[in-house]
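Accompanying notes for the structure given below.
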Amino acid sequence: MPNFNRTTVTAALIYANGPIHIGHLAGCYLPADIYVRYLRMQKKDVVFVSGTDEHGVPITIKAQKEGKTPQEVVDHYYKVIKDSFSEFGISFDIYGRTSDPVHHKLSQEFFKKLYDEGKFIEETTNQFFDESANQFLADRYIVGECPSCHQPGAYGDQCEKCGTTLSPTELINPKSTLSGNSPILKPTKNWFLPLDQWQKSLEEYVSGHPEWKSNVSGQVKSWLQEGLKPRAMTRDLNWGVPIPLPDTEGKVLYVWFDAPIGYISMTSQLTDDWEKYWKAEDSRIVHFIGKDNIVFHCLIFPAMCMAHGEYQLADQVPANEFMNLEGDKISTSRNWAVWLHEYLEDFPGKQDVLRYTLTALSPETKDSDFTWSDFQTKNNSELVAILGNFVNRAFVLIDKNFDSKVPEKTAGAGLEEDMMKQVQAILEPLSNALEQYKFRDALVAAMEIARIGNKYLAEAEPWKLIKTEPEKAGTVLNYAIQLVAHASIALEPFLPFTSEKLRKALGLNQAEWSKIGDFNLIEAGTSLKNPGLLFEKLEDDVIQKQIDKLQETKKQMELANKKVPEIKETASFDDFLKMDLRVGQIVEAVAVEKSKKLLQLKVDDGIKVRTILSGIAEHFKPEEVKGKQVTFLANLAPRKIMGVESEGMILMAEGQEGELVFLNPSSPIWNGAKIS
RNA sequence: GGCGGGGUAGCUCAGAUGGUUAGAGCGUUGGAUUCAUAACCCAAAGGUCGGCAGUUCGAUUCUGCUCCCCGCUACCA
């Protein structure tokens with residue numbers, strides 16, 4: 001284990017096709033920021049790098065939908081995202097972007113070196129090509145009928161209706177979304193990184209890090225067990241980093257090739273000394289990511305770096321799981337999210353409240369759930385009741401009794417030794433938790449200072465001492481203010497805005513970790529500026545508003561997603577007359593063997609009893625439909641389904657949730673009645 | 001289907017190379033108190049540690065099976 005002299009901290013490059021929400025913050029950026037702030041407070045050499053990932057297919061699709069250029073789309077979101085982070089105090093040293101020329105250049109150099117040294121394999125494969133648009137089609141650009149559920153409109157990589165993972169060639173009757181034409185298969189050359197050749201080195205790398213979190217090493221080992229395969233590092237696309245080779249018009253680097261290089265290129269824009277942060281053996285690299293990025297950061301990027309040969313591999317990859325919202329998965333497309341820019345509008349100045357709640361509920365070991373009710377509780381019973389209250393008590397007591405000046409320390413209440421021991425006792429667990437990326441635990445430990453303070457005041461009772469032994473009361477309040485100073489330091493990584501307010505009130509210039517444990521940090525006689533209430537209670541109606549807002553978007557999304565299908569082309573009166581619609585009665589119903597959906601019905605049509613198969617088994621049990629009068633199409637050509645001849649079709653209406661409703665007469669009528 | 005992660009108090013989560021009374025915060029209940037945003041402080045109640053079986057003197061902790069949640073991945077059509 002080398003001795004590390006500096007730390008390079010990266011937070012995942014976020015994809016620049018939408019604003020950011022609490023899940024992003026909780027999963028990646030907040031833990032990274034807490035860690036970095038902790039290191040800086042110890043005066044460690046650290047760089048904190050992140051930015052937006054601005055290449056790839058989804059951005060081109062979004063641009064096309066909005067009638068903009070891809071560059072316009074990413075310019076917009078780069079600003080939105082960067083501003084949100086900045087407002088929440090995520091203290092990047094640099095926040096870059098992969099569309100930057102500096103990034104293009106470094107990525108190309110990286111690629112070129114691997115190419116020149118023969119680290120890639122070239123392979124020509126057949127890909128769908130749109131002749132009228134004159135370009136190869138990414139999976140998402142191809143739609144067709146899903147081979148699994150036969151719904152039209154499935155994408156080339158996945159059918160959103162049934163969730164099946166697809167490859168474009170599996171689609172039935174594929175169409176290009178660019179032109180609507182049928183694409184042709186055309187050979188194209190791409191460059192693959194033979195991950196299989198790096199399998200052994202990667203296994204050694206991973207097994208050299210037994211300290212990695214179980215969710216990280218678990219997933220990585222799962223991939224290694226399956227055996228790695230060559231992976232294309234280039235794509236046929238015209239939005240991205242151009243391949244630095246001749247005759248590669250219309251080809252770019254795969255986003256997952258250039259994105260991690262972004263960490264490096266962004267560092268190079270921060271400092272001329274950037275190389276040591278990535279190449280020196282005494283530099284420690286830490287990637288903060290969400291669990292969706294594990295494979296790229298623990299296998300693919302390391303393989304790239306091994307192939308390149310000059311860069312250090314990550315020492316730690318503290319990937320978090322996902323945060324849900326009110327029990328449902330956060331989803332940008334379904335608008336099921338708490339957006340940071342909206343939060344700031346609704347809760348101005350309350351960045352630290354969200355930071356606190358998200359840290360306390362952080363998905364460190366498993367998926368977690370953010371609820372507004374938790375948010376309210378954390379605010380009211382921890383920030384207000386424990387921290388805010390303690391700080392307020394200390395300041396108010398000194399304001400009232402000592403003219404806002406820190407009193408002298410003389411004889412105390414006899415509790416001071418014990419109180420300081422309690423503070424000492426939390427320091428090691430606090431540092432350990434921070435160093436081991438256990439920020440939830442660390443936050444609890446840091447808050448303990450305020451709890452100790454509340455208890456100390458309750459037991460020392462300075463408001464009583466002031467009447468009888470004022471110098472003792474003064475001593476107690478001196479200690480109390482030292483505790484406030486401790487809190488301002490210990491909480492800085494988590495609550496930077498609050499911490500700064502406290503430092504201003506105490507006249508402290510900076511938060512230095514080494515000052516914790518120093519109970520003479522604030523000198524007697526110092527004039528205090530009461531910061532006022534640090535946090536305010538959140539009443540039920542404010543919280544309810546947020547819950548209502550979510551419910552409302554949920555409803556709207558449901559409505560938007562359930563569009564009324566368009567009316568089919570005009571049918572002539574004769575067409576209509578052709579259909580013989582009748583009322584009949586189900587006299588018998590049985591499930592069809594080997595079928596999930598079908599019920600075999602015997603329907604009395606007034607003349608005879610006919611057999612009709614109906615795809616309603618998932619909605620109705622046979623006994624439920626027996627005896628029902630229904631409407632059916634009587635002259636539909638008979639058809640054999642699952643070996644049984646079906647003579648007609650039962651008419652059903654389909655609801656928004658896919659539920660089925662019988663169309664039956666509103667009052668009983670004779671079987672065989674004609675419908676017109 | 002395979003693999004990985006997780007299923008521990010009402011809620012959010014810790015923890016145990018197997019061993020006398022399984023922890024924290026919030027919530028609840030009771031008490032004390034009034035400097036403080038009815039906050040703080042003290043105390044208590046509350047869990048057959050997902051289910052079944054096995055190994056063991058002893059398992060919630062190990063093994064097997066099983067159910068549920070999350071993720072990755074395959075195959076079939």
#### Entry: Closest-nucleotide 5' rank along RNA chain B - winner of A450(A) and L533(A)
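Result of the comparison: L533(A).
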
### Task
Map D367(A) and Q225(A) onto RNA chain B by nearest heavy atom, then report which one ends up closer to the 5' terminus.
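Here Q225(A) is the residue nearer the 5' end.
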
Which nucleotide sits closest to the side chain of [X]: [options]?
X       : options                : result
R451(A) : G25(B), U12(B), C70(B) : G25(B)
S381(A) : C72(B), C35(B), C26(B) : C26(B)
N392(A) : A36(B), A39(B), C3(B)  : A36(B)
K366(A) : G5(B), G6(B), C26(B)   : G6(B)
S214(A) : A36(B), U34(B), G5(B)  : G5(B)
K464(A) : U8(B), U37(B), U34(B)  : U34(B)
N389(A) : C70(B), C41(B), A39(B) : A39(B)
K455(A) : U33(B), C41(B), U37(B) : C41(B)
R440(A) : C11(B), C13(B), C40(B) : C13(B)
K400(A) : U37(B), A36(B), C26(B) : A36(B)

Atom [atom1], compared across [N] and [M]: separation rounded to whole Å:
N      : M      : atom1 : answer
G6(B)  : G50(B) : C1'   : 11 Å
G7(B)  : U12(B) : P     : 13 Å
U20(B) : U37(B) : P     : 47 Å
G4(B)  : C42(B) : C1'   : 46 Å
C11(B) : C35(B) : P     : 39 Å
A74(B) : G47(B) : P     : 46 Å
U55(B) : G64(B) : P     : 15 Å
A24(B) : A44(B) : P     : 11 Å

Tell which nucleotide pairs with [N], taking only Watson-Crick or G-U wobble pairs whose two distances are both under 3.5 angstrom.
N      : answer
G19(B) : C57(B)
C72(B) : G2(B)
A43(B) : U29(B)

Expressed as a whole number of angstroms, how long is the span from [X]:[atom1] to [N]:[atom2]?
X       : N      : atom1 : atom2 : result
N380(A) : C40(B) : CG    : C1'   : 15 Å
E364(A) : U12(B) : CD    : C1'   : 13 Å
D292(A) : C70(B) : CG    : P     : 16 Å
L415(A) : C41(B) : CG    : P     : 15 Å
E321(A) : G5(B)  : CD    : P     : 11 Å
L483(A) : C41(B) : CG    : P     : 13 Å
L224(A) : C3(B)  : CG    : P     : 16 Å

Would you classify [X] as touching base, sugar-phosphate or nothing, given that sugar-phosphate means primed atoms plus P, OP1 and OP2, and contacts are heavy atoms under 4.0 Å?
X       : answer
S368(A) : sugar-phosphate
F390(A) : nothing
L538(A) : nothing
E382(A) : sugar-phosphate
L397(A) : base

### Message
For a quick test of reading the model: is some side-chain N or O of S373(A) closer than 4.0 Å to OP1 or OP2 of C11(B)?
### Response
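No, outside the criterion.
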
Plane angle bin for [Y] and [X] - parallel if under 30°, tilted between 30 and 60°, otherwise perpendicular:
X       : Y       : result
H24(A)  : Y29(A)  : perpendicular
H209(A) : W212(A) : parallel
F439(A) : Y437(A) : perpendicular
Y343(A) : F88(A)  : tilted
H297(A) : W256(A) : perpendicular

### Query
Should K545(A) and D346(A) count as an ion pair when the cut-off is N to O under 4.0 Å?
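No.
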
### Query
How far does CG of L491(A) sit from CG of D352(A), to the nearest 0.5 angstrom?
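Result: 9.0 Å between the selected atoms.
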
### Query
Are D548(A) and Q544(A) linked by a side-chain donor-acceptor pair shorter than 3.5 Å?
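There is such a pair between these side chains.
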
